[in-house]
Amino acid sequence: MFKNTLQNMSIYPKVVKTFHTMFSNKFLLYTNVGLSLSLSGLGDILEQKYELINGELSQWDPQRTRNMTISGTTVGIVCHYWYSFLDRTIPGYTVRVVFKKILVDQIFGSPLCISTFFGTLAVLEKSTMEEFHAEVKAKAWRLYAAEWMIWPPCQFLNFYVLSTKYRVLFDNLVSLGYDVYTSRVKHREY
């Protein structure tokens, strides 16, 4: 019923055309990066709101949100190219192929994305190499452990059902909750 209502409205063809344009090969990188930066920023805003409510923060830190948003940009670029690379090197959609992709993604893709995340923030925060190494050593394992709990079942759906062009979209929708956790791990002292 909802679809029929939308089809009768003049906006439906425009929405469909925009969606197809956004996920076309010509604009896919921009779409993926836009999704990643938006949801990384939103994840930090949600985390900061939680920290404000719990009294962990006294006021919202726009610099922190800016940095998390920029890190979403770099991770979005990495994810865009990573998924394309993964599909070229391990083609197919069989269950066996999907499990290979999940294993390769967890062993190589996850550390790559986590390193990109911390590296981007280290540059933005003007951290020294020693500070960067200390932070990665103290915090990256928490994100990597969470990745092993969250991503294998999600990536099964991603690799088994979706085509490459929708992978970063799906990744980012699942990632919103993970981005909240990422912001918490990054900005908390352990």
Side-chain angles (χ1 to χ4, degrees), residues 1-47 65-117 119-121 143 146-147 150-183:
M1 182 174 152
F2 180 71
K3 185 177 178 182
N4 290 337
T5 305
L6 280 177
Q7 286 174 334
N8 292 333
M9 296 173 25
S10 64
I11 193 168
Y12 180 75
K14 293 175 187 171
V15 169
V16 169
K17 183 179 181 192
T18 300
F19 185 82
H20 286 295
T21 301
M22 287 172 51
F23 287 93
S24 68
N25 288 338
K26 183 176 180 181
F27 296 105
L28 188 58
L29 175 62
Y30 301 114
T31 299
N32 288 339
V33 170
L35 288 166
S36 295
L37 73 89
S38 300
L39 292 175
S40 291
L42 179 59
D44 181 68
I45 290 168
L46 293 172
E47 175 56 28
T65 300
R66 178 192 76 103
N67 290 350
M68 291 297 290
T69 301
I70 292 170
S71 77
T73 303
T74 57
V75 172
I77 292 168
V78 168
C79 285
H80 172 85
Y81 289 109
W82 172 251
Y83 286 134
S84 294
F85 170 78
L86 202 54
D87 280 340
R88 278 192 320 274
T89 56
I90 309 173
Y93 290 92
T94 66
V95 172
R96 183 180 171 100
V97 167
V98 167
F99 279 117
K100 282 182 187 177
K101 285 182 183 181
I102 291 169
L103 190 60
V104 170
D105 185 55
Q106 287 301 119
I107 293 172
F108 299 105
S110 291
L112 177 63
C113 288
I114 291 169
S115 300
T116 301
F117 168 74
T120 301
L121 290 171
L143 295 180
E147 292 237 357
I150 295 167
W151 288 110
C154 294
Q155 292 296 48
F156 183 84
L157 292 173
N158 202 1
F159 296 142
Y160 191 68
V161 176
L162 299 175
S163 69
T164 305
K165 66 181 174 180
Y166 299 119
R167 296 233 167 99
V168 176
L169 169 64
F170 178 79
D171 188 289
N172 277 286
L173 292 175
V174 172
S175 238
L176 181 56
Y178 184 75
D179 289 340
V180 171
Y181 179 70
T182 300
S183 179

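Hydrogens, waters and symmetry mates play no part in the numbers below; they use all other heavy atoms, side chains included.
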Side chain proximity check, [X] to [Y], heavy atoms < 4.5 angstrom:
| X | Y | result |
| --- | --- | --- |
| L143 | Y178 | yes |
| L103 | F99 | no |
| N158 | W151 | no |
| S84 | T164 | yes |
| Q155 | V98 | no |

How far does [atom1] of [X] sit from [atom2] of [Y], to the nearest 0.5 angstrom?
| X | Y | atom1 | atom2 | value |
| --- | --- | --- | --- | --- |
| F170 | L173 | CZ | CG | 8.0 Å |
| L46 | L176 | CG | CG | 6.0 Å |
| L39 | I45 | CG | CD1 | 10.5 Å |
| F159 | I90 | CZ | CD1 | 8.5 Å |
| I102 | I107 | CD1 | CD1 | 11.5 Å |
| N172 | T31 | CG | OG1 | 11.5 Å |

Who passes ring pair (Phe, Tyr, Trp, His ring centres under 6.0 Å) against [X], sequence neighbours left out?
| X | result |
| --- | --- |
| F108 | none |
| F23 | F19, Y166 |
| Y160 | F156 |
| F85 | W82 |

Between side-chain atoms of residues 73-80 and protein atoms elsewhere (two or more places apart, or another chain), which donor-acceptor pairs fall under 3.5 Å?
residue, atom, partner, partner atom, Å
T73, OG1, T69, O, 3.3
T74, OG1, S71, O, 2.9
T74, OG1, T120, OG1, 2.7
H80, ND1, N32, ND2, 2.8

### Task
Could you tell me which residues satisfy side-chain hydrogen bond (donor to acceptor under 3.5 Å, both in side chains) with E47, sequence neighbours excluded, listed by chain and number?
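In terms of side-chain hydrogen bond (donor to acceptor under 3.5 Å, both in side chains), with neighbours along the sequence ignored, E47 is linked to R184.
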### Summary
Contacts of T21 meeting side-chain hydrogen bond (donor to acceptor under 3.5 Å, both in side chains) (sequence neighbours excluded), chain-then-number -> none
Tell me, please, which residues at least two apart from [X] pass side-chain contact (heavy atoms from CB on, under 4.5 Å).
| X | result |
| --- | --- |
| P111 | Y144 |
| S38 | none |
| S24 | K26, F27 |

### Query
Can you list the residues that meet the salt bridge (Lys or Arg N to Asp or Glu O under 4.0 Å) rule with D44, with sequence neighbours excluded?
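Partners of D44 under the salt bridge (Lys or Arg N to Asp or Glu O under 4.0 Å) test: R64.
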### Query
Who are the salt bridge (Lys or Arg N to Asp or Glu O under 4.0 Å) partners of D87, not counting sequence neighbours?
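With neighbours one apart ignored, the set is K101, R167.
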### Message
Please find the pair of heavy atoms, one from A146 and one from Y181, that lie closest to each other, and give the distance.
### Response
CB-CE2, 3.7 Å
